[in-house]
Amino acid sequence: MVVNETWFEMKDGRKALIRSPREEDIPGMLDYLLLSAGETEFILRYPEECGKYTYEGEKALFERLNASQEDAMLVCIVDGKVAGSCQISFHQRLKTKHRASVAIALLREFWGQGIGTRLLQEMIGIAQRHGGILQMELEVVEGNDRARHLYEKMGFRIAGVRPNAICLKDGRLLHEYLMIRTME
């Protein structure tokens with residue numbers, strides 16, 4: 001699904017653009033995927049796993065999502081750089097059609113600028129316009145307090161836990177929490 005462009009002012013006064021991804025974003029997206037994977041242990045990939053992401057693969061993903069009637073991806077562009085992205089996927093089975101899954105990530109240099117809030121507001125709007133969605137779902141890794149605070153601010157609540165769902169290279173195990181936002 002293609003989403004209209006939205007400009008907003010970040011907390012530091014710079015302008016940011018939120019829109020559906022375009023082919024011109026692919027080099028920046030590949031950089032973003034690699035960089036974000038190395039900035040925090042809360043992203044579910046390590047930098048060395050980013051080799052699977054290719055220009056052709058991202059192009060196919062963007063085309064599929066932009067052509068979809070159900071799913072959408074948004075990128076946030078700041079000063080020509082991909083600062084973050086998010087994606088919403090609507091469940092297709094009859095028994096789960098009332099649910100939508102959300103994923104979001106930002107580069108560290110853009111944390112605390114209001115981008116995550118704006119991206120989640122856009123995702124909530126997409127879910128509301130879709131119709132029939134009773135709940136939005138996402139996962140947050142234990143210790144990711146910044147993200148958890150954002151999700152709670154946006155109406156998500158912890159609904160369950162996957163104990164030891166994440167195993168870091170150093171052997172530490174982290175829980176993963178399922179968070180749900182009930183739609184009004």
Side-chain angles (χ1 to χ4, degrees), residues 1-6 18-23 25-26 29-30 32-33 36-37 40-46 49-50 52-54 56-76 82 84-106 115-144 147-167 173-184:
M1 150 187 339
V2 175
V3 178
N4 292 330
E5 293 185 356
T6 302
I18 294 175
R19 62 168 165 73
S20 296
R22 300 177 183 160
E23 186 172 357
D25 300 324
I26 295 173
M29 180 60 80
L30 293 171
Y32 155 81
L33 290 167
S36 64
T40 174
E41 59 193 17
F42 305 122
I43 299 285
L44 297 183
R45 65 183 174 276
Y46 282 111
E49 295 175 296
C50 292
K52 70 178 184 178
Y53 300 113
T54 64
E56 296 77 19
E58 290 302 293
K59 181 178 179 186
L61 175 66
F62 292 178
E63 288 173 352
R64 180 181 62 77
L65 289 170
N66 288 341
S68 174
Q69 297 298 311
E70 300 296 325
D71 302 333
M73 174 186 265
L74 296 176
V75 293
C76 180
V82 175
S85 71
C86 62
Q87 189 170 333
I88 188 166
S89 300
F90 296 93
H91 295 243
Q92 298 303 308
R93 298 186 188 277
L94 290 175
K95 293 181 179 181
T96 59
K97 283 182 76 130
H98 64 286
R99 298 166 49 199
S101 298
V102 178
I104 183 172
L106 303 175
I115 294 172
T117 299
R118 289 301 295 260
L119 286 171
L120 284 175
Q121 286 171 340
E122 290 292 326
M123 292 288 106
I124 291 166
I126 290 168
Q128 288 170 332
R129 289 187 298 276
H130 183 274
I133 300 301
L134 301 180
Q135 67 187 40
M136 295 175 69
E137 305 169 359
L138 53 76
E139 288 85 30
V140 64
V141 176
E142 175 185 6
N144 193 351
R148 181 176 166 180
H149 174 73
L150 169 63
Y151 304 151
E152 288 173 343
K153 178 178 85 169
M154 301 304 294
F156 289 84
R157 298 292 174 254
I158 291 178
V161 60
R162 285 188 194 103
N164 303 323
I166 308 299
C167 183
L173 294 168
L174 301 175
H175 299 332
E176 184 177 59
Y177 297 98
L178 170 65
M179 297 188 77
I180 293 176
R181 181 187 193 277
T182 302
M183 303 299 285
E184 291 104 32

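Source: prediction; values computed, not measured. We number each residue from 1, following the sequence as shown.
Within the 3.5 Å criterion, the main-chain N or O of Glu137 finds no donor-acceptor partner in the side chain of Ser101. In this structure, His98 contributes its side chain and Ile133 its backbone to no donor-acceptor pair below 3.5 Å. Judged by distance alone, with hydrogens and angles left aside, the side-chain atoms of Asn66 form a donor-acceptor pair with the main-chain N or O of Pro21 at under 3.5 Å. In this structure a side-chain-to-backbone donor-acceptor pair under 3.5 Å is present from Tyr32 to Ser85.
Arg181 is not listed as a side-chain neighbour of Leu120, based on a closest heavy-atom distance of 4.5 Å or more. Counting heavy atoms from C-beta on, the side chains of Ile166 and Glu41 never come closer than 4.5 Å. Two residues are said to be in side-chain contact when any heavy atoms from C-beta on lie closer than 4.5 Å; Met136 and Ile180 fail this criterion. The shortest distance between side-chain heavy atoms of Leu119 and Leu106 falls below 4.5 Å. With contacts defined as side-chain heavy-atom distances shorter than 4.5 Å, the pair Leu138/Met154 does not qualify. Inter-residue side-chain proximity for Leu178 and Glu139 is flagged as met; some heavy-atom pair is nearer than 4.5 Å. Considering only heavy atoms from C-beta on, Gln121 comes within 4.5 Å of Arg118 through its side chain. Contact of the Leu174 side chain with the Asn144 side chain is not registered, since no non-hydrogen atoms from C-beta on lie closer than 4.5 Å.
Separating the CG atom in Asp25 from the CE atom in Met73 is a distance of 10.0 Å, to the nearest 0.5 Å. The structure places CD of Glu23 at 7.0 Å from CD of Glu63, a figure rounded to the nearest 0.5 Å. Here the straight-line distance linking atom CD of Glu58 with atom CD of Glu56 works out to 10.5 Å at 0.5 Å rounding. Between the CD atom of Glu122 and the OG1 atom of Thr6 there is a distance of 4.0 Å, given to the nearest 0.5 Å. Atom NZ in Lys59 sits 15.5 Å away from atom CZ in Arg22 (nearest 0.5 Å). To the nearest 0.5 angstrom, Asp71 atom CG is 10.0 Å from Ile126 atom CD1.
Nearest heavy atom pair, residue Glu142 against residue Leu173, reads OE1-O, 4.3 Å. Between Ile124 and Met183, the closest heavy-atom pair is O-CE, 4.0 Å. When all heavy atoms of His175 and Asn164 are compared, the pair lying nearest together is ND1-N, 3.0 Å. Taking all atoms of both residues into account, the shortest heavy-atom contact from Leu33 to Cys50 is O-SG, 3.6 Å. Of all heavy-atom pairs between Leu65 and Ala72, the closest is CD2-N, 4.4 Å. Ile115 and Cys76 make their closest contact through CG2-SG, 3.7 Å (heavy atoms, listed as atom of the first residue, atom of the second, distance).
Counting heavy-atom neighbours within 6.0 Å of Glu5 CD, excluding the residue itself, gives a total above 12.
The list of salt bridge (charged side-chain N to carboxylate O under 4.0 Å, His left out) pairs with a residue in residues 152-167, not counting sequence neighbours, reads Arg148-Glu152, Arg162-Glu176.
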Test Val3 against Ile18 for side-chain contact (heavy atoms from CB on, under 4.5 Å), laying out the working first. CA-CA 9 Å; Val3 178; Ile18 294 175; over 6 Å; no
Go through the steps for Ser36 and Arg45 under the test side-chain contact (heavy atoms from CB on, under 4.5 Å), then give the verdict. CA-CA 9 Å; Ser36 64; Arg45 65 183 174 276; 3.0 Å; yes
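Exactly one of Phe42, Tyr177, Phe156 qualifies for a side chain to side chain contact (heavy atoms under 4.5 Å, CB included) with Val140. That residue is Tyr177.
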